[in-house]
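Please read all numbers here as calculations on a predicted model, not as lab measurements.
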Amino acid sequence: MNALTPLHPALQTLTPLGLPASFREWHAYANAQQAEKLAQHLAAEFAFVADAYAEAIDHDYLRSDGFRANVVQALRAAEIAESEAKLRLIARALAGCLLRYPPPAVDKFQTLRLLEQLSERELSVLAGLLASLDPFDPYSDSIPAQTTLPGLSRQETGAALLGLGQLGLLQRLEDGWQLTGLARQVALLMRLGRQDDLF
């Protein structure tokens, strides 16, 4: 079975924005149940982005092979997603790919590939960090080494920070951590710190 078939209704809503009707010929193999769950979230996320960010839609990107590759990558990430919250974040990230961003350029494929590797706890910690840092310039702010986030022990927070560092989302400072440009990309595509919390 073509695992992209459950995504067809959500993808169909993008044809007025430039997605070619030939998307129905795309093919991928993945867990059908996870694809169906992802499709439910995609419909809502595509609708939100098309409505709230209509002027920023990248119509050329929708016609590119890059979008097709990112749909397949999102499906791969969904296949190992451990919760509905993670599936919704994957859908949110793919919907975020529909937009044009000001420089520096966002590497959409790299960010979606990274999402596959991020655990739910790491995503929760990243969202918590973004909420606690300087809202005007969180990427210049520093995160103390002994940070503890609500709901997690110091050890759990520390382990998540190490994981985020290994994935390139945090860089080590003498006395703590700092978000990287890659963390900025993840935050942009997933709209972390905006709308409702997912965790």
Side-chain angles (χ1 to χ4, degrees), residues 41 44-45 48-49 51-58 61 66 70 73-74 77-78 80-199:
H41 296 294
E45 293 297 332
F48 176 81
V49 165
D51 181 54
Y53 300 100
E55 294 181 6
I57 297 288
D58 188 341
Y61 166 74
N70 284 338
Q73 183 61 43
I80 59 170
E82 63 267 36
S83 69
E84 286 296 319
K86 180 80 179 276
L87 284 167
R88 188 171 171 208
L89 271 178
I90 294 165
R92 182 177 276 196
L94 184 59
C97 287
L98 303 179
L99 305 175
R100 290 185 309 272
Y101 295 96
V106 174
D107 187 329
K108 297 172 180 178
F109 188 76
Q110 177 191 36
T111 306
L112 281 173
R113 193 176 69 229
L114 179 63
L115 180 56
E116 185 179 343
Q117 301 171 47
L118 279 163
S119 72
E120 190 170 330
R121 176 175 288 170
E122 288 165 342
L123 283 166
S124 178
V125 167
L126 181 60
L129 291 175
L130 284 163
S132 67
L133 295 173
D134 180 349
F136 297 105
D137 193 5
Y139 304 99
S140 294
D141 211 351
S142 62
I143 302 155
Q146 300 303 316
T147 294
T148 302
L149 292 172
L152 297 176
S153 68
R154 180 173 289 180
Q155 191 173 22
E156 289 170 329
T157 303
L161 292 175
L162 283 172
L164 292 170
Q166 289 171 347
L167 291 169
L169 298 173
L170 293 178
Q171 62 183 349
R172 195 77 154 141
L173 303 175
E174 280 187 25
D175 56 348
W177 299 91
Q178 190 173 53
L179 294 170
T180 64
L182 188 53
R184 174 188 170 274
Q185 293 185 173
V186 170
L188 280 171
L189 286 191
M190 296 185 206
R191 301 194 313 276
L192 289 179
R194 301 180 187 179
Q195 308 307 316
D196 51 324
D197 288 334
L198 295 175
F199 297 104

Taking the side chain as C-beta and beyond, is there a heavy-atom pair between [X] and [Y] under 4.5 Å?
{"X": "L98", "Y": "Y53", "value": "no"}
{"X": "L182", "Y": "D107", "value": "no"}
{"X": "L94", "Y": "N70", "value": "yes"}
{"X": "Q185", "Y": "L114", "value": "no"}
{"X": "P144", "Y": "Q146", "value": "no"}
{"X": "L126", "Y": "M190", "value": "no"}

With rounding to the nearest 0.5 Å, note down the distance linking [atom1] in [X] to [atom2] in [Y].
{"X": "I80", "Y": "Q117", "atom1": "CD1", "atom2": "CD", "result": "8.5 Å"}
{"X": "S83", "Y": "R88", "atom1": "OG", "atom2": "CZ", "result": "11.5 Å"}
{"X": "L115", "Y": "I90", "atom1": "CG", "atom2": "CD1", "result": "5.0 Å"}

- N/O donor-acceptor pair under 3.5 Å between D141 side chain and D134 backbone: yes
- Query: For L118, does its backbone N or O pair with a side-chain atom of K86 as donor and acceptor, under 3.5 Å?
  - Reply: yes
Compile the donor-acceptor pairs under 3.5 Å between side chains in residues 158-170 and protein atoms, sequence neighbours left out, one pair per line.
none

- Task: Walk me through it: do I57 and L99 pass the test side-chain contact (heavy atoms from CB on, under 4.5 Å)?
- Result: CA-CA 5 Å; I57 297 288; L99 305 175; 3.9 Å; yes
- Any chance you could lay out the side-chain contact (heavy atoms from CB on, under 4.5 Å) test for V49 and R191, step after step, and finish with the verdict? CA-CA 11 Å; V49 165; R191 301 194 313 276; 3.7 Å; yes
Check [X] against [Y] and note the closest heavy-atom contact, atom names and distance.
{"X": "L112", "Y": "C97", "result": "CD1-SG, 3.8 Å"}
{"X": "L130", "Y": "A187", "result": "CD1-CB, 3.7 Å"}
{"X": "A78", "Y": "L87", "result": "CB-CD2, 3.6 Å"}

- Message: Under the criterion side-chain contact (heavy atoms from CB on, under 4.5 Å), I'd like the reasoning laid out for W177 against Q171: C-alpha separation, chi angles, the key distance, then a yes or no.
- Response: CA-CA 6 Å; W177 299 91; Q171 62 183 349; over 6 Å; no
- Query: So among L179, L133, L173, which one has a side chain to side chain contact (heavy atoms under 4.5 Å, CB included) with S142?
  - Reply: L173
- Test side chain to side chain contact (heavy atoms under 4.5 Å, CB included) applied to A91 - qualifying residues, sequence neighbours left out: L38, H41, L42, E45
- Task: List the steps, then state whether side-chain contact (heavy atoms from CB on, under 4.5 Å) holds for R184 with V106.
- Result: CA-CA 9 Å; R184 174 188 170 274; V106 174; 4.2 Å; yes
- Query: Within a radius of less than 6.0 Å around CD of Q155, do more than 12 heavy atoms belonging to other residues, nucleotides or ligands occur?
  - Reply: no
